[in-house]
K.L.:
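What follows is a single structure, and I will ask about it in a moment.
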Amino acid sequence: MYLCSMSKVRVRFAPSPTGGLHLGGVRTVLYNYLFAKNNGGDFIVRIEDTDQTRYVPGAEQYIFDCLQWCGLEPDESPLHGGEYGPYRQSERKEKGIYQQYAEQLIKDGHAYYAFDTPEELEQMRTMYTTADNPSPQYDHHLRMKMKNSLTLTADEVNTLLTNGTKHAIRIKMPENEIIAFNDMIRGDIQNESGLVDDKVLLKADGMPTYHLAVVVDDYLMKITHAFRGEEWLPSAPVHVLLWKYLFGLDKMPQWAHLPLILGPSGKLSKRDGAKYGFPVFAMNWMDPKTNELTEGFKERGFLPEAFINLLALLGWNAGTEQELFTKEELIQQFSMERVHSGGAKFDFEKAKWFNHEWIKKLPVNHYSDKVKNIFENNGLAVEGNEKFESILSLVSDRCTLLPDFYTQAGFFFKDPETLDTESVKPKWNADKQHFFTEWITQLNSISSWDAVAIEQSFKELATAKNIKPGDLQMPLRVMLVGGKFGPPVFVIAATIGKAAAINRIQQALGIFSTF
RNA sequence: GCCGCGUUGGUCAAGGGGUUAAGACGCCUCCCUUUCACGGAGGAAUCACGGGUUCGAAUCCCGUACGUGGUACCA
């Protein structure tokens with residue numbers, strides 16, 4: 001329904017490489033991607049690196065790493081190539097792409113040269129700041145009091161220009177115009193042009209600002225639908241105007257301003273990660289300047305399947321009761337009509353539930369390598385896949401995040417480090433002590449070491465000794481596992497093997513005998 | 001200050017004039033299980049507030065409040 005023309009759907013994610021990739025950023029990528037794929041279109045990543053003062057080495061590669069982890073591969077990007085390159089705005093600026101459009105706007109009377117220095121701008125702001133107007137704008141009220149090609153004579157301007165005086169190019173916002181456009185999520189939006197300031201289009205260093213670059217590049221790259229965060233809504237009239245002046249409104253992409261993702265107390269910020277104990281970035285991000293590490297969902301133990309699933313549902317739903325979606329299902333069912341306009345508060349508990357569901361849903365071989373890494377990082381070398389995976393599937397119901405596998409299944413590979421003696425102590429007695437010592441000798445001569453046989457011998461001896469098997473099972477569990485958790489205890493005994501089982505019982509007995 | 005956007009349970013949310021106001025997470029109770037989980041059955045919102053419009057409003061309109069964003073030669 002948004003395919004008003006014959007042209008192929010093309011969407012873009014345009015991050016500035018200045019740091020970690022935020023939850024909200026990934027969701028913007030996701031909605032772009034889902035919409036594109038749902039319409040058989042292309043997903044483009046364009047790097048908006050026009051602010052050289054904020055350049056952070058490694059941030060660009062990091063963004064692509066995150067996308068790859070999420071399984072949201074671009075069709076075109078600086079890394080993936082494409083016919084509409086270059087895909088970095090810094091490189092596009094080198095080719096002089098933006099300059100010409102800015103000049104054209106001046107020629108047409110829609111923009112002007114501004115020679116004001118940062119100091120002069122600062123001066124203007126302090127001069128006009130009042131209680132009623134805490135942030136004076138460079139707009140139609142003030143532009144005639146500033147130093148620009150509107151206030152200077154043509155000769156003066158020419159001299160300044162030929163002398164190479166640093167200058168910016170600003171848009172000349174009309175005073176009394178209603179600027180309207182249609183947003184796919186919010187419907188008709190109207191703004192008064194006089195309320196918006198004369199945004200800088202081309203900076204003194206020759207770089208375009210976002211406002212110019214987004215319009216020029218969306219046009220040149222034949223973008224059909226432009227999705228971005230809600231924070232862009234106030235400057236949308238500038239972009240609409242630029243489209244009107246430069247390329248024509250009929251060529252303008254369909255806009256969609258996505259709702260915010262909020263943290264537990266308002267806007268979600270990087271610091272919330274540390275503050276509330278959950279990640280906000282897709283992957284670990286190490287700030288190269290401060291060496292500060294911010295945790296990512298990946299490293300926290302999330303599955304990418306769960307991560308995109310939970311993000312998709314933060315602001316969108318299928319209108320059915322389905323909550324678990326594969327990427328393919330999301331592509332198939334996604335539609336902008338069902339995207340919310342209101343912001344959503346991120347709930348880490350629900351996020352964990354999604355992960356839990358995905359751990360249960362996916363065959364263990366989908367993530368056994370990752371779990372193996374976790375085991376190795378904990379100093380537990382794992383050899384052989386088959387047994388490892390069958391053990392993982394024994395405990396997967398009990399794991400919410402990937403590292404849970406280590407706490408839930410570590411005891412299969414090494415003796416418990418501590419025993420929950422407090423659970424055993426109150427009901428421990430000489431009868432039980434004797435039972436286990438005797439059982440050990442029986443175990444030694446058990447014919448086939450499997451759960452059924454072990455359980456049988458256990459129960460027979462218990463009956464013979466006139467002890468309820470149930471009173472014995474919990475101590476046995478603590479002996480083998482270390483605590484009151486895990487799969488059926490005889491399955492554990494069978495899995496860890498005869499020698500280990502008997503050894504653990506013996507060790508524990510030594511401790512229990514001192515009660 | 002001004003401007004924009006938003007507001008259904010603690011959270012995600014369905015529902016768009018007549019419903020007992022779905023469902024999920026979390027929480028609580030119970031069942032299953034002589035562990036922990038999984039699974040199953042239950043429990044707890046009158047839709048921010050105030051005015052309209054209407055026979056009838058969570059649903060439409062207007063105000064107010066609150067939240068959030070913008071107000072940079074940052075994106």
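Values in this document were obtained by computation on a predicted structure and should not be read as measured data. In what follows, chains carry the letters A, B, and so on, assigned in the order in which the sequence lines appear, proteins first and then strands, with residues in each chain numbered from 1.
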K.L.:
Just checking A:L121: base, sugar-phosphate only, or nothing, at a heavy-atom cut-off of under 4.0 Å?
P.N.:
base
K.L.:
Tell which nucleotide pairs with B:C5, taking only Watson-Crick or G-U wobble pairs whose two distances are both under 3.5 angstrom.
P.N.:
B:G67
K.L.:
Tell me whether the side-chain N/O atoms of A:K203 come closer than 4.0 Å to OP1 or OP2 in B:A72.
P.N.:
no
K.L.:
Considering only the C1' atoms, how many Å lie between B:C47 and B:A14, rounded to the nearest integer?
P.N.:
12 Å
K.L.:
Strictly below 4.0 Å: does A:T320 bring a side-chain N or O up to OP1 or OP2 of B:A14?
P.N.:
no
K.L.:
So, under a plain 3.5 Å distance rule, would you say the side chain of A:K199 forms a donor-acceptor pair with the base of B:A72?
P.N.:
no
K.L.:
Which comes earlier along RNA chain B counting from the 5' end, the contact point of A:D51 or that of A:V489, where each point is its nearest nucleotide?
P.N.:
A:V489
K.L.:
Choosing from B:G69, B:U11, B:G26, which nucleotide comes nearest the side chain of A:E349?
P.N.:
B:G26
K.L.:
Are A:E48 and A:R54 ion-paired here, with the side-chain N under 4.0 Å from a carboxylate O?
P.N.:
no
K.L.:
With sugar-phosphate meaning primed atoms plus P, OP1 and OP2, does A:A204 contact a base, only sugar-phosphate, or nothing at under 4.0 Å between heavy atoms?
P.N.:
base
K.L.:
Quick one: which of B:C25, B:C74, B:U11 gets closest to the side chain of A:K350?
P.N.:
B:C25
K.L.:
Check this for me, if you would: do A:R143 and A:D198 make a salt bridge, where the nitrogen-to-carboxylate-oxygen distance has to be below 4.0 angstrom?
P.N.:
yes
K.L.:
How would you label the contact of A:G486 with the nucleic acid (heavy atoms, under 4.0 Å): base, sugar-phosphate, or nothing?
P.N.:
base
K.L.:
Using a 4.0 Å heavy-atom cut-off, does A:G315 contact any base of the nucleic acid, only the sugar-phosphate backbone, or nothing at all?
P.N.:
sugar-phosphate
K.L.:
Locate the shortest heavy-atom distance separating A:P136 from A:L142; write the atom from each residue and the value.
P.N.:
CB-CD1, 4.3 Å
K.L.:
Specify the separation, in whole Å, of atom CH2 of A:W232 and atom P of B:C74.
P.N.:
11 Å
K.L.:
Under 4.0 Å, counting only non-hydrogen atoms across every strand here, what does A:E230 touch: a base, just sugar-phosphate, or nothing?
P.N.:
base
K.L.:
Whole-Å distance between B:A14 P and A:E337 CD?
P.N.:
14 Å
K.L.:
Once you apply the 3.5 Å cut-off to both distances, tell me the Watson-Crick or G-U wobble partner of B:C12, or none.
P.N.:
B:G23
K.L.:
Base, sugar-phosphate or nothing for A:P136? Non-hydrogen atoms, less than 4.0 Å.
P.N.:
sugar-phosphate
K.L.:
With a 4.0 Å cutoff (strictly under), does any side-chain N or O of A:K360 reach OP1 or OP2 of B:G39?
P.N.:
yes
K.L.:
Give A:P15 one of three labels, base, sugar-phosphate or nothing, depending on what nucleic acid heavy atoms sit under 4.0 Å from its own.
P.N.:
nothing
K.L.:
When the nearest nucleotide of RNA chain B is assigned to A:D347 and to A:A351 on a heavy-atom basis, which residue is associated with the more 5' position?
P.N.:
A:D347
K.L.:
Look through every strand shown and name the nucleotide pairing with B:G18 as Watson-Crick or G-U wobble, where both distances are under 3.5 Å.
P.N.:
B:C55
K.L.:
Should B:U35 form a Watson-Crick or G-U wobble pair with both distances under 3.5 Å, which nucleotide is its partner?
P.N.:
none
K.L.:
Which one, B:U35, B:U68, B:A24, comes nearest to the side chain of A:F485?
P.N.:
B:U35
K.L.:
With rounding to the nearest 0.5 angstrom, report the NE2 to CG distance, A:H167 to A:L202.
P.N.:
7.5 Å
K.L.:
Which nucleotide in the set B:G26, B:G10, B:A14 lies at the smallest distance from any side-chain heavy atom of A:R338?
P.N.:
B:A14
K.L.:
Please classify the nucleic acid contact of A:R228 as base, sugar-phosphate, or nothing, using heavy-atom distances under 4.0 Å.
P.N.:
nothing
K.L.:
Under a 3.5 Å cut-off for both contacts, is B:A45 paired Watson-Crick or G-U wobble with anything, and if yes, with which nucleotide?
P.N.:
none
K.L.:
Nearest whole angstrom, please: distance from the P of B:A22 to the CD of A:E323.
P.N.:
16 Å
K.L.:
Between A:F307 and A:F297, does the ring centre distance come in under 6.0 Å?
P.N.:
yes
K.L.:
From C-beta outward on A:S341, which listed nucleotide comes closest to its side chain: B:C12, B:U7, B:C3?
P.N.:
B:U7
K.L.:
Looking at A:D205 and A:K166, is there a salt bridge between them, counting it only when a charged N and a carboxylate O are closer than 4.0 Å?
P.N.:
no
K.L.:
Is any NZ, NE, NH1 or NH2 atom of the basic residue among A:D49 and A:R88 found under 4.0 Å from an Asp or Glu carboxylate oxygen of the other?
P.N.:
no
K.L.:
Can you see which heavy atom on A:D139 is nearest to which on A:D197, and at what distance?
P.N.:
CB-CA, 3.9 Å
K.L.:
Have a look at A:S135 and say if it touches a base, only the backbone sugar-phosphate, or nothing, with a 4.0 Å heavy-atom cut-off.
P.N.:
base
K.L.:
Which nucleotide in the set B:A72, B:G4, B:U35 lies at the smallest distance from any side-chain heavy atom of A:R125?
P.N.:
B:A72
K.L.:
From CG of A:L233 over to P of B:U71, roughly how many Å is that when rounded to an integer?
P.N.:
13 Å
K.L.:
I'd like the P distance from B:G10 over to B:G18, given in whole Å.
P.N.:
26 Å
K.L.:
Taking the side chain of A:L260 as heavy atoms from C-beta outward, which of B:U68, B:C5, B:G10 is closest to it?
P.N.:
B:U68
K.L.:
Which nucleotide wins on minimum distance to the side chain of A:D397, given the candidates B:U71, B:C5, B:C38?
P.N.:
B:C38
K.L.:
If only side-chain N and O atoms of A:R398 are considered, is one of them under 4.0 Å from the OP1 or OP2 phosphate oxygen of B:G39?
P.N.:
no
K.L.:
Heavy atoms under 4.0 Å, any strand shown: does A:T50 hit a base, just sugar-phosphate, or nothing?
P.N.:
sugar-phosphate
K.L.:
Is A:R477 near enough to B:C36 that one of its side-chain N or O atoms lies under 4.0 angstrom from OP1 or OP2?
P.N.:
no
K.L.:
What's the CZ-P distance between A:F354 and B:A13, to the nearest Å?
P.N.:
10 Å
K.L.:
In whole Å, I'd like the distance from the NZ atom of A:K432 to the P atom of B:U34.
P.N.:
17 Å
K.L.:
Side-chain N or O of A:H340 versus OP1/OP2 of B:C12: is the shortest distance under 4.0 Å?
P.N.:
no
K.L.:
Answer with base, sugar-phosphate or nothing: what part of the nucleic acid does A:Q137 contact at a heavy-atom distance below 4.0 Å?
P.N.:
sugar-phosphate
K.L.:
Can you check whether A:N133 has a side-chain N or O nearer than 4.0 Å to OP1 or OP2 of B:C2?
P.N.:
no
K.L.:
Touch check for A:P469, heavy atoms < 4.0 angstrom, all strands: base, sugar-phosphate only, or nothing?
P.N.:
base
K.L.:
Using the rule given for side-chain contact (heavy atoms from CB on, under 4.5 Å), can you reason through A:W243 versus A:Y219, listing the C-alpha separation, both sets of side-chain angles and the distance that settles it, and then say yes or no?
P.N.:
CA-CA 9 Å; A:W243 269 98; A:Y219 171 73; 3.5 Å; yes
K.L.:
Decide if atom CD of A:Q100 counts as having more than 12 heavy atoms of other residues, nucleotides or ligands within a radius under 6.0 Å.
P.N.:
yes
K.L.:
For A:F405 and B:A37, what is the distance between atoms CZ and C1' respectively, to the nearest whole Å?
P.N.:
12 Å
K.L.:
NA contact type, A:D116, heavy-atom cut-off 4.0 Å: base, sugar-phosphate, or nothing?
P.N.:
base
K.L.:
Among B:A75, B:C12, B:C5, which is the nearest nucleotide to the side chain of A:L314?
P.N.:
B:C12
K.L.:
Which nucleotide, B:G69, B:U71, B:A37, lies nearest any side-chain atom of A:P234?
P.N.:
B:G69
K.L.:
Starting at CD1 of A:I359 and ending at C1' of B:A37, how long is that distance when rounded to a whole Å?
P.N.:
13 Å
